[in-house]
Amino acid sequence: NNAVQQCNLSGQASEVCRFVIRDASRAVIGTTTQPFNLSVTKTDGFDVEMGYRVPLSNFAFLGDDPGQLNLRLVTGYISQRVTISPLVPITRNAVGVQGSPKVRANFTANYTKGKWSTQAQVRYIGDQIWDRNRTIGVDTNFNHIADRAYLDGQISYKLSETQEYYINVQNVLDRDPAFSPNPGGATPTQTDTGLYDQVGRNIRLGFRLRY
């Protein structure tokens, strides 16, 4: 149907007309289906990654072997993501709408001393609009998805160069996922399962062996 519609709208000039089969009177008698690059997706934004090793030797109270503290920040900002298609009359920016936050970031602090290592990580997901076609007080009482930050942590002990024990805790503060209802699909959900933690606090005990 899309191929026939686009072909007619273009005055029989669109490339999709080759998928439409007509008889001698130009009546449509069938269509063919195959992959075809009809639409174009354009996106703009930037990523930033920064790392810093803190000189702990400046802190005398840490002793002669102060260990190492490494800080790392990875963040991404997307200002535009649009899909241009002749089948869609209005081109809209999808960034900032449900499932596509403008900002996402990970901050990690890792401290190592001797055989011990600890790590803390903050995962940040920016806020979003739930549905740009709805208006608060008119056809909905909800249209803002709050931002969310998760704290993760890990402690590990290196028994040798090849053996290591660790405990890892994801979502240390046991934060609930942001309310981001998805009523469509086979299984409606109250949040975006691709962005937010579903389990809550998750504790793992493990042993690594390299050989």
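Just so you know, residue 1 is the first one in the sequence shown, and it goes up from there.
- Distance check, rounded to the nearest 0.5 Å: CH2 of W130 to CG of N182 gives 9.5 Å.
- For the salt bridge (charged side-chain N to carboxylate O under 4.0 Å, His left out) test with D197, the passing option among R148, R123, R175 is R123; the others fail.
- The number of heavy-atom neighbours closer than 6.0 Å to CD of E161, taken from other residues, nucleotides and ligands shown, is 12 or below.
- Counting heavy atoms from C-beta outward, V48 and L73 have side chains that stay 4.5 Å or more apart.
- Here the shortest heavy-atom pairing between P66 and L56 reads O-CD1, 3.5 Å.
- In this structure, N133 places its CG atom where more than 12 heavy-atom neighbours from other residues, nucleotides or ligands lie under 6.0 Å away.
- The two residues T83 and S39 come nearest to each other via the heavy atoms CG2-CB, 4.1 Å.
- Criterion: ILVMFWY side-chain heavy atoms under 4.5 Å apart, direct or through other members. Under it, L209 and Y157 are part of a common hydrophobic cluster.
- Taken from CD1 in I129 to NZ in K102, the straight-line distance is 7.5 Å, to the nearest 0.5 Å.
- Looking at every heavy atom in both residues, D147 comes nearest to G126 through CB-C, 3.7 Å.
- Here the side chains of T43 and I78 are in contact, with some heavy-atom distance below 4.5 Å.
- Hydrophobic clustering of Ile, Leu, Val, Met, Phe, Trp and Tyr side chains at less than 4.5 Å, counting indirect connections, keeps V74 apart from Y150.
- Counted within 6.0 Å of CG on L173, heavy atoms from surrounding residues, nucleotides or ligands total more than 12; the atom is thus considered enclosed.
- From R208, atom CZ reaches atom OG1 of T162 across 13.5 Å, with rounding to the nearest 0.5 Å.
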Does R204 form a side-chain contact (heavy atoms from CB on, under 4.5 Å) with Q170? I'd like the steps, not just the answer.
CA-CA 8 Å; R204 295 185 179 93; Q170 288 189 316; 3.1 Å; yes
Mind running side-chain contact (heavy atoms from CB on, under 4.5 Å) on E164 and R210 for me, showing each step along the way?
CA-CA 9 Å; E164 182 182 27; R210 300 179 180 88; 3.8 Å; yes
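- Taken from CG in N93 to CZ in R132, the straight-line distance is 6.5 Å, to the nearest 0.5 Å.
- Interatomic distance, CD1 of I167 versus OG1 of T118, reported as 13.0 Å (0.5 Å rounding).
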Start with the C-alpha gap between N110 and R72, add the side-chain angles, then the distance that decides, and say whether side-chain contact (heavy atoms from CB on, under 4.5 Å) holds.
CA-CA 9 Å; N110 182 275; R72 182 169 179 259; over 6 Å; no
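- Hydrophobic clustering, with ILVMFWY side chains joined whenever heavy atoms are under 4.5 angstrom apart, groups I155 together with V122.
- Going from atom OG1 of T31 over to atom CD1 of I21 covers 7.0 Å, rounded to the nearest 0.5 Å.
- In R53, the CZ atom is not crowded: 12 or fewer heavy atoms of neighbouring residues, nucleotides or ligands sit closer than 6.0 Å.
- The cluster map of Ile, Leu, Val, Met, Phe, Trp and Tyr, joined by side-chain heavy atoms under 4.5 Å apart, puts F107 and Y111 in the same cluster.
- Here the side chains of S180 and L195 are not in contact, with every heavy-atom distance at 4.5 Å or above.
- Scanning for side chain to side chain donor-acceptor pair (under 3.5 Å) contacts around Y196 gives Q128, with sequence neighbours left out.
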Evaluate R201 against V169 for side-chain contact (heavy atoms from CB on, under 4.5 Å), listing each step before the verdict.
CA-CA 7 Å; R201 185 183 296 115; V169 184; 3.9 Å; yes
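- For Q190, the CD atom counts as loosely surrounded, since its 6.0 Å shell holds 12 or fewer non-hydrogen atoms of other residues, nucleotides or ligands.
- Residue Q80 places its CD atom among more than 12 non-hydrogen atoms of other residues, nucleotides or ligands, all under 6.0 Å distant.
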